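Working notes, beginning with the structure itself.
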Amino acid sequence: MAERKSMLQKGGYREPLSPISLSQAASRTPMRKKTSNMTAKTPTAKTPLAKTPGKKGTSISNSSTSDYDRFIPNRALMNNKLGHHMLMKLKKNEETEDDTDKEDFSELMRQNLNGEIEKTGARILQMKIKAPQTKEGEVATKMLYTKSKPTPAKFKSTRHIPSVADKILDAPEIVDDYYLNLLDWGQNGLIAVPLYNAIYLWNSESGTVEELFGESPITDDNIMVTSVKWITEGMHIAVGMSNGNIELWDAAVNKRVRSMGGHPTRVGSLDWNQHILTSGARSGSIFNHDVRVASHHVSSFLHHTQEICGLQWSPNGKLLASGGNDNVLNVWDMASTSNGNATTNDAGVNEVRTPLHSLCEHMAAVKAVSWCPWQRNVLASGGGTVDRHIRIWNAQTGTCLNSLDTMNQISGILWSDTYKEIICSHANQMTIWKYPSMTRETELTGHTGRILNITSSPNGVFVASAGADETLRLWKCFEADQKKTRPAKKDDSRGPISSDNNLR
């Protein structure tokens, strides 16, 4: 750690998770080389500016001293003023005759259509409700505009969502891989960001940065961090590695607690269900680890045929949603690991090969999976480049409730319990949608590379996004309206972010 800081002082490389400005963030963008094929076709210098029709290579003379042209041989014989006067006089006589004919026609139409009305003195249009009579001592205009004034329509107000990131942090050497999950914001207020083979923790309360591995760095350049996930409560974090191992670290003392193997390929997805840590690997297998016991591998979900890139347990811990590169979204029942649906292998591990639902509507990899926090059994999923759709599911019945084309590759979906909305990261932007109408609320732009992962703060106000432009941006998307919300209790703590919902 001390060696790294000394190199930073000498300008050796960029400080991980250090605050940067918008102009500095723009310089992090890899610039594409310009090619000759992208150059627009423009007229060359050999193209003549003007040519006489029917003659090649002869330009039109623009000499101001010439009084001749092709159509009129000699202008000296013309009286321009007299000609203009005669033309205007003739035109005026024609208009006078037309006006007389129009007046006669209008008079005949008025007599035929309005004859009876003119005799009785009735009106074609009149107020249905007449203006009130003016009382003695009152102004007539005041009576008219106060007693006959309609009720104004209510203005539909919307909240203010800042379009610029609240904070931008530098994230050098973040791995640009769509299938990895390289960002998580724990209930302890720490944001974990793997930068190749190191993990950095950014404290949202103090703004300080710590390196998780500290004095035990990974020395093998062929091994890198492929996923991270904080435990629901506490300072323990699970780390998935490219060699198939899973490590548990205590962030309070920067110490590795244990290492668990079992996967033959990299571990790109992790999620906790109390003391059960679920991991998804590139092989398509999903393992459930009981971190309390030595024989940690207790059960497996085996149905996907390609890499697992999305995992999340439902809020009640009964259902697991898994998305894979095989374009399949599976819903697993936790109870199936201990009933007759599971088979036991030679190692004594229960294996479930038939999910509760296997949803195949997506046409690309399913990375974004997210359960609705306030509506039971409602699940949102997002597809990759070919699919591009957000799909809302009833996980109990397996039916699709709604779908929406975002026109871009979807990398993450989050729910906002405060405003009943969905925020989705697709390509290099994020969009907030009203639920269940799925109408667009706003778009958040700023990343110059595609967004790889998103995560929300413990209090649900901020959303952090990590992009391929090597920046981590924090957005204040769901700040509660203080006028509409009740004040929180003093002992109601939802994370170390300050009471004014500001980042340090």
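Sequential numbering from 1 along the given sequence is applied to the chain's residues. The structure presented is a predicted model; accordingly, all values stated were derived computationally and were not measured.
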Mind listing the closest non-hydrogen atom pair of [X] and [Y] along with its distance?
{"X": "V366", "Y": "S381", "value": "CG1-CB, 4.1 Å"}
{"X": "N327", "Y": "A365", "value": "OD1-N, 3.2 Å"}
{"X": "P315", "Y": "C372", "value": "CG-O, 4.1 Å"}
{"X": "L302", "Y": "I286", "value": "CD2-N, 4.4 Å"}
{"X": "I168", "Y": "L22", "value": "CD1-CD2, 3.3 Å"}

Checklist entry - Hey, what do you get for CG (L356) to NZ (K318), rounding to the nearest 0.5 Å? => result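 Between atom CG of L356 and atom NZ of K318 there are 13.0 Å.
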
Checklist entry - Between W230 and W185, is the gap from one ring center to the other below 6.0 Å? => result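 No; W185 has its ring centre 6.0 Å or more from that of W230.
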
Checklist entry - Do R450 and Q409 have side-chain atoms, one donor and one acceptor, less than 3.5 Å apart? => result yes

Checklist entry - Taking everything shown except E233 itself, do over 12 heavy atoms lie less than 6.0 Å from its CD? => result no

Checklist entry - Take atom NZ in K255; do more than 12 heavy atoms of anything else shown fall under 6.0 Å from it? => result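 12 or below, so no.
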
Next on the checklist: Walk me through whether N330 and S358 qualify under side-chain hydrogen bond (donor to acceptor under 3.5 Å, both in side chains).
Outcome noted: CA-CA 5 Å; N330 285 332; S358 186; 2.9 Å; yes

Next on the checklist: Pair D170, S18 - check side-chain hydrogen bond (donor to acceptor under 3.5 Å, both in side chains), show working.
Outcome noted: CA-CA 5 Å; D170 196 8; S18 60; 4.6 Å; no

Next on the checklist: Could you go through W272 and Q274, starting from their C-alpha distance and side-chain angles, then the distance that decides it, and tell me whether this counts as side-chain hydrogen bond (donor to acceptor under 3.5 Å, both in side chains)?
Outcome noted: CA-CA 6 Å; W272 288 90; Q274 297 182 356; over 6 Å; no

Checklist entry - Side-chain contact, heavy-atom cut-off 4.5 Å: M334 with L319? => result no

Checklist entry - Side chains of W371 and R376: does their closest heavy-atom pair fall under 4.5 Å? => result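 The answer is no; the side chains never approach within 4.5 Å.
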
Checklist entry - Has K367 got its NZ or CZ under 6.0 Å from the middle of the six-membered ring of Y178, at an angle within 45 degrees of the ring axis? => result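 Ring-cation test returns yes.
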
Next on the checklist: Please check this pair: side chain of Y435 against backbone of Y419, looking for a donor-acceptor N/O pair closer than 3.5 Å.
Outcome noted: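 Flag not set: sc Y435 to bb Y419 has no pair under 3.5 Å.
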
Checklist entry - Using 4.0 Å as the upper bound for N to carboxylate O, is an ion pair formed by R14 and E173? => result no

